[in-house]
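These notes are about the structure you will find just below.
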Amino acid sequence: MHYSGLSLVKQALTGNRGWTRAWRNPDPKKQYDVIIIGGGGHGLATAYYLAKLHGITNVAVLEKGYVGGGNTGRNTTIIRSNYMLNANSQFYEHSMKLWEGLSQDLNYNVMFSQRGILNLIHTDAQRDAFARRGNAMLLNGVDAVMHDAEGVKKLMPHLDFSQNTRFPIQGGLAQPRGGTARHDAVAWGYARGADQLGVDIIQQCEVTGIKRDGDKVLGVETSRGFIGAGQVGVAVAGNSSKVFDMVGMKLPIESHVLQAFVTEGIKPLVDTVCTFGAGHFYISQSDKGGLVFGGDLDGYNTYAQRGNLPTFNHVVAGGVTMMPCLSRLRVLRQWGGVMDMSMDGSPIIGKTAIDNLYMNGGWCYGGFKATPGSGWVFADTIANDKPHNLNKDFTLERFREGYPLDENGAGASPNAH
Amino acid sequence: MTQQFRTAAGGLIDRSRPITFQFDGKTYQGFHGDTLASALIANGQHLIARSFKYHRPRGFMTAGSEDPNAIVQLRTGSRKEPNTRATTIELFDGLEANSQNRWPSLAFDAMAINNVFSPLLSAGFYYKTFMWPVSFWTSVYEVFIRKAAGLGVAATEADPDHYEQCHEHCDLLIAGAGPAGIAAALAAAATGARVVIADEHPLIGGSLNSERLTIDGKSGVEWAAEQMEILSKMDNVRVMTRTTVFGYYDHNTMAAIEKVNDHVAIPAAGQVRQRMWTIYPKRVVIAAGATERPLTFGNNDKPGIMLASAVRTYINQYGVKPGTRAIVTTNNNDAYRTAFDLHNAGVQVLAVVDSRPNPDEHLAAQLAAISIRLITGKTVGSAEGRQHVAYVQLVSTDGHTSDPERIDCDLIASSGGWNPNVHLHSQSGAKPVYEDSIASFIPGISRQDESSVGAAKGSFHLQDCLDQGHAAGVDAAKMAGFKVKPKAKKVATAKDEGTYAIEALWVSPTPHNKSYKQFIDQQNDVKVSDVELAAQEGYDSVELLKRYTTQGMATDQGKTSNVNALAVLAGQRGDPVPEVGTTTFRPPYVPVALGVFAGHTVGNDFMPIRRTAIHDWNVKNNAVFIEAGLWLRARYYPQKVGDTLDDCYIRETNNTRGNVALVDVTTLGKIDIQGPDAPEFLNRLYINNWLKLPVGRARYGAMLREDGMAFDDGTTSHLSENHFFMTTTTANAAPVLSHMEYYHQTVWPELDVVFCSVTEQWTGIAIAGPNSRKLLEKVLDIDISNEAFPFMAVGECKMNNITGRLFRISFSGELAYELNVPADFGEQAWTELLEAGKEMNVSSYGTEALGTMRIEKGHVAGSELDGRTTVKDLGLEGMANRNKHFIGKHNSQRPGLLEEGRLQVVGFKSLESGRNLRIGAHLVDDSIKLDSVSQSQGHITTTTYSPSLGCGIALGLLKDGASRHGQQIDAVFPLDDEKVRVEICHPVFIDPKGELVRA
Amino acid sequence: MLRIECPWCGVRNEDEFSYGGDATLERPSDDDSIEAWSRFVHTRKNPAGKHTEHWQHVNGCRAWIVVERNTLTHEIYSTAPASPILPAGKKSTRGLNT
Amino acid sequence: MPNSTQTAPVRVSPLLVINREAIVDCQGLRLEQRPTLTAIQVLAFAKQFDGVAKAITKALGVECPTKPGVCNSKDSIQVTWTGPNNWIVICEEDDSLLAKLKMAVGKKAAVVDQSHGRCGIRLSGVHARSVMAKNCALDFHPDFFKAGNSALTSVAHMNALIIQVDDESYDLFVARSLARSFVHAIEHSCAEFAKA
Ligand SMILES: Cc1cc2nc3c(=O)[nH]c(=O)nc-3n(C[C@H](O)[C@H](O)[C@H](O)COP(=O)(O)OP(=O)(O)OC[C@H]3O[C@@H](n4cnc5c(N)ncnc54)[C@H](O)[C@@H]3O)c2cc1C
Ligand SMILES: NC(=O)c1ccc[n+]([C@@H]2O[C@H](COP(=O)([O-])OP(=O)(O)OC[C@H]3O[C@@H](n4cnc5c(N)ncnc54)[C@H](O)[C@@H]3O)[C@@H](O)[C@H]2O)c1
Ligand SMILES: Cc1cc2nc3c(=O)[nH]c(=O)nc-3n(C[C@H](O)[C@H](O)[C@H](O)COP(=O)(O)O)c2cc1C
Ligand SMILES: [Zn+2]
């Protein structure tokens, strides 16, 4: 069923009785050409592009809970392509371009809001690092603007611009095309889009084992029985190690918790996405009015999907320091997501040692913005059984071979990326 | 005509202390002990807010922190606080509050037009539209959506109030000081256990304060007050009022917020507004009570419709009458009390409408005795009236809705049953379970050291609450190792209040089965039809439902609405409620101000400052500082007004290169290393050789991370047998020490070596320049001739009785020394050196000149050691001894780290006179246009104008740079549309053979 | 809040410690292949359940310790010194705090 | 070579600029500095822990604690356990202590002077415990932390050594570079007691 202003009016007149399911609720078939494990944004986007761009429609997405219930549904929704290293820059910019037409493509309003993203600068060293990054962005065809403090003030008038703070604001690097999107809508839009092209979205279906014949995957054991598959793509983010453990593979990944927080809804206060360079803090205002913010990882391996107090306190101290008027606003809710932290902070998308098993993971805290791009290249990789040019550097082998993609230079310490 | 809705007497307000306050610009009076809500009701003001989406008029639904509607903008200016619950605001003199989310006024809100379009604004409508034309999204739709969103308006100035944090340890923390909590506290405290009992309210007593109950022959209020007295006097008890336990974290860590001064206009000097408590109890007793839920009927959101228990609270605790002609509508026994209390307060009760066909006979008889009409098998189908209820239409619960009975009234007291407050229990990691007998969720199996008691456990009988509280208190004390003394065995006795019984009624039929707005989540305007639509469209798990409709996502987090919503969903799915389950409970239990999480580590105190011993001198001498980690370092020293950075660092560099100057290098990490295996340890830590360094000599070393990337560099000196002294970069001082401790304790415990940081003990002063020896010879007691003290020599020395250490090392590339003196003598040593050098025009120099000289000398530093470079990239590979083992050795040999095409350190010279190079510029071939896809071959890491060479120079990382010396390339800075032609050169610009340092 | 028991100092808040990751990784020897060394640095079991990990009591006695912790529930089963040779922590009898 | 008309150097602690007798002084609360202390860290080599403890005990006449969390003191000397293989000895300025300890432990331990690296502050008064509770997560209840107890922990988010001196006094030692920030933070939490 097509969504539009007109369909809204029509339905309103008939008591909204005519709306149909956004996606079906099928029972799993015995066999699919492709099974995607993980009904987050990435898995659903992969299925959508497999069907739409590669004509592969005998596809199932298996989700252990409800679609979008993983990190897709718990992230701070920041979208940007302000990367420094070429491989990242080109991949994320491709994703950004897909975002720019996504609502129309899916016929589902994902509320992609290009209000810009601004990274504050407080020290000369940061200015230098951001100059390098900003120049790299422009050289890669990505938009970037360097602001002085005055320029920052125009974008974010309520920050602390005084000198009477530990790290006064010197300026900021902005990407005007950056912004946010409604996280849930992204999952639902892709689910609906894929469903309409024939993909089976199967919720409450946990993959518990992967059946193999030598180097070939035959299918997956699930909480709803065995399901056969020609190819299997794994896009389970924080659960990557668990799923690959089913085929005895160890990954260059640790699972860590990242927390996010939202305040009570208020009238527009924060117009752009803003990150504090002197602490770990970033904030944006959702289109519901809540200020959504986050900061650093809690810093230890966990699958608990909940965080602890020290990080909370630390994040908020950064926030109130950056923007003192936040002090009297109230936190409404605190939650966490299990991050697939890779050893160099960059993702892994491609083939694995097993022929028809493909991996999509290692997103760290940056995979929401990758959703369209990730699904797009992963679908391409699965359809052609070889990586696309855009993800050819995101291999598993890069660690062994010495080609890390380390934007922060933190090395193989996942909690430091 | 003020406070015309006060009862004649009673309540816990102090009628002798009137308070004047303002709401929406109008002045009112209330009493001490009122909340803003009770005071407004006393004045007949029921309209308090407009709803989020439809801008419907809203009144007070509850009398507590669970209220979805009554949120106002409290205070003004920099103390403005949006979305504050009027039901929890203690009245103070001068209080100012305003309604929010309405225009132009609360009584007449133009946006109420949305009401008419509500069918268009069904659940998730925005996902289905606003997509065309594409350009309208940013320019029109989004602008509109953002304006419409949100409720209150935030202050834009800094908060003038202060906050702090505090820690508390105890054997037992009790969340909630109602009868159950008090009983637990008394029992545990009597054993000597350390008890903390916290309650959101200014008084302890919980529901005792709002009900007419009897304990030990006293009124509940009196009993509670007496226990408060007793508990407050005990050394082992901390009674915390105005304190909400808002979070249950790992390892039984609890977070609470104390509203220290929210009940006054402005906190007194030195006082904080709020305090955050982190509490570490051995055991937690959750005595948080239960929250009533409303019945769901047509227009159930009108002002004048309240929870039945809230009506009792307003009457009994605050002495106000929420109406004059009341209807009580219920599906359970509890709401009958409301009829009695209303009657008792002189409010006319028109009827008790009980949806159950066969209500409790005893209660029915009690009603009859006071001539209150009881209507059974019926319920309110709809409420009618404009901005307040004017009448109700009653329908039969058996579906007979065609001849609704109309009753005129101005108050509906509604009870749909009670939901135990399982929030904290659930936050602790446990899963609440559905309990049929109360038609709600109760605590499940504990996952941490906690238990729930009383109404929080689903026990609604007062004696049960007291018994359970008592038992939990005794248990907690026993578990903490305390003996239970006889006096701790006594349990208070309550007068019997009858039993609780309920027959769930989730949604009322509507009059004539017509479509009505039946609200579930009143703040987010989620209606029964929205829940149904979500289910119809496939958003049919609780979590999807929540996200699609926003049910339970408002400031009240669905405290009164979640259970109703999921029951509707269950009905729609045809599943039993337990199968549908609840959404996840998350902290905080009530919204908590950000300020309180931050405490006082904000603004200037966000992070501590590290100061060197030269700091005060630097301040006195006009130094301009720069941050290095937490340190403040002197960047340059203006000599006269108008001196620029350039003026200063060029002057300072020239004086160093041509004469002699001092720089404070205290911030370098310093590690004392001792033990027979110290050389071996260093040998494994550094890539180069350390086994044969003679005593009295220093050596430059480089270390890698285990992944083979360069980690840190610095000099280490052999002070005496088995005694070494290492310096690290400022940034890596702490990581390097931890790294060493890691390897020593976990990998090579067999090595007998100890180390500790001595960064703080020593002030480091570098004395650099051709005249440095001359200067030092004046003040030191040792022979520092080139023969006696050659390059890389190390020795102890005295300067005016200050014993220090002298190192002949050089970062600037000049003849130079580093003098370390104990830090309390740092400033003295510094000024004495300046004094002694006066005749030779010695000066100080800052980090900017230091940086200039290191660039001229091609020394790599933090900007090149960026965690992505290998020693090969840095030109230091020659140091590595691959015949021994060292950290990072193998991973540094991975093919990708050895192959051609990597970025390597080189120098650059500007070929365009007068144009300096900029850090962050990229290196591209001249054919490249600035906006084409990257052909970046590297970038500039650090730059300076070299006073010695008279041109702009830089260091940078360039693809295959080592083999490209002499070539030209463009350094582009597209952010500013700049491009400079540069020559690639060897990174050492000055004295490549190192003759100066050895002179 | 993780409350970690330092074998010497007693139970302390997590923010006194810094995390060191999987403590079960076996560091290869100098003769082992680059491949083995790369695996050691980069791959992790990352279990959901019992995890044996290193922490350093940086804001305390600076000892590295081995903690067995459940990554699903955060429950800590045990803590022990990482170094086999450091004198064991004999807990103070004077205060229970330590 | 310099001629030797030398004056004895004067130690300048980082808090000396706070030119008051006490930093905070009000009813029930006092915060003051203890400048010019001598502080020597002793780190035992492998398997020498007990031997070193005995040597220290013998040299100083103060029982060197072998248990964590203990500070033994006599007259002005405080000997505190600071780690699995190390202690810190603190006393009023005593230039001979370093040599004395080196002599005592011989090759069994490293002896490192930290006198200028640590800044000593004393917090005392009936409210001292409340101020500690605002800045430190340890339990300062007298049943658990009393005179003679010590802890290395984080105070006001900074590393510190705490020694409880008597029922109402705590000695706090922090890195000298952080001393002013530290005192500033503690002052904050004294504010409610330091009513005008
Ligand atoms: C707090 C927080 C803030 C973040 N902020 C941002 C941000 O601002 N910008 C940004 O770009 N990124 C951000 N991220 C990261 C981003 O959310 C993720 O990288 C991204 O959503 C990952 O999407 P995904 O589809 O790969 O994973 P998910 O959305 O996690 O989907 C994986 C799915 O797999 C399912 N699954 C797992 N195991 C199994 C199994 N065995 N069988 C079946 N199904 C299984 C899970 O239930 C889950 O639904 C943030 C993350 C968090 C937690
Ligand atoms: N239907 C019924 O008959 C019915 C229903 C509910 C309650 N009751 C009666 O209510 C009483 C219940 O006693 P009780 O002690 O269990 O509960 P209570 O409601 O009397 O007390 C709970 C207290 O905890 C406070 N609180 C809740 N959450 C808190 C938090 N997170 N932090 C701090 N304070 C918090 C509340 O404000 C309240 O003061 C009994 O008298 C019982 O009979 C009866
Ligand atoms: C961008 C964003 C905005 C959110 N806004 C709200 C909000 O306004 N109210 C709310 O209750 N929760 C909000 N949440 C949090 C969700 O309620 C929920 O906590 C989160 O999706 C994680 O799921 P869980 O808590 O069920 O584990 C928001 C989440 C995200 C990612
Ligand atoms: Zn310790």
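Numbers restart at 1 for each chain; the letters A, B, ... are given by sequence-line order, proteins then strands.
Top candidate by heavy-atom pairs under 4.5 Å with chain C, chosen from D/L161, D/T153, D/N85, D/T82, is D/T153.
Of all the heavy atoms in D/K100 and D/A59, the pair that sits closest is CE-O, 3.8 Å. For the pair D/A39 and D/D113, the tightest heavy-atom approach, listed with the atom from each and the gap, is O-OD1, 3.4 Å. Looking at every heavy atom in both residues, D/S189 comes nearest to D/K134 through O-NZ, 3.1 Å.
Side-chain N or O atoms of C/N13 include none that pairs as donor or acceptor with a backbone N or O of C/D15 at under 3.5 Å. A donor-acceptor contact shorter than 3.5 Å is absent between the side chain of D/W87 and the backbone of D/A44.
Remark: C/Y19 pairs with C/W55 by the ring-ring contact (aromatic ring centres under 6.0 Å, His included) rule, at least two apart or across chains.
Heavy atoms of D/S154 lying under 4.5 Å from chain C belong to its backbone as well as its side chain.
Taking the side chain as every heavy atom from C-beta outward, D/L172 and D/V174 never approach each other to under 4.5 Å.
Scanning residues 61-85 of chain C against chain D with a 4.5 Å heavy-atom cutoff picks out C/C61, C/A63, C/I85, ordered by number.
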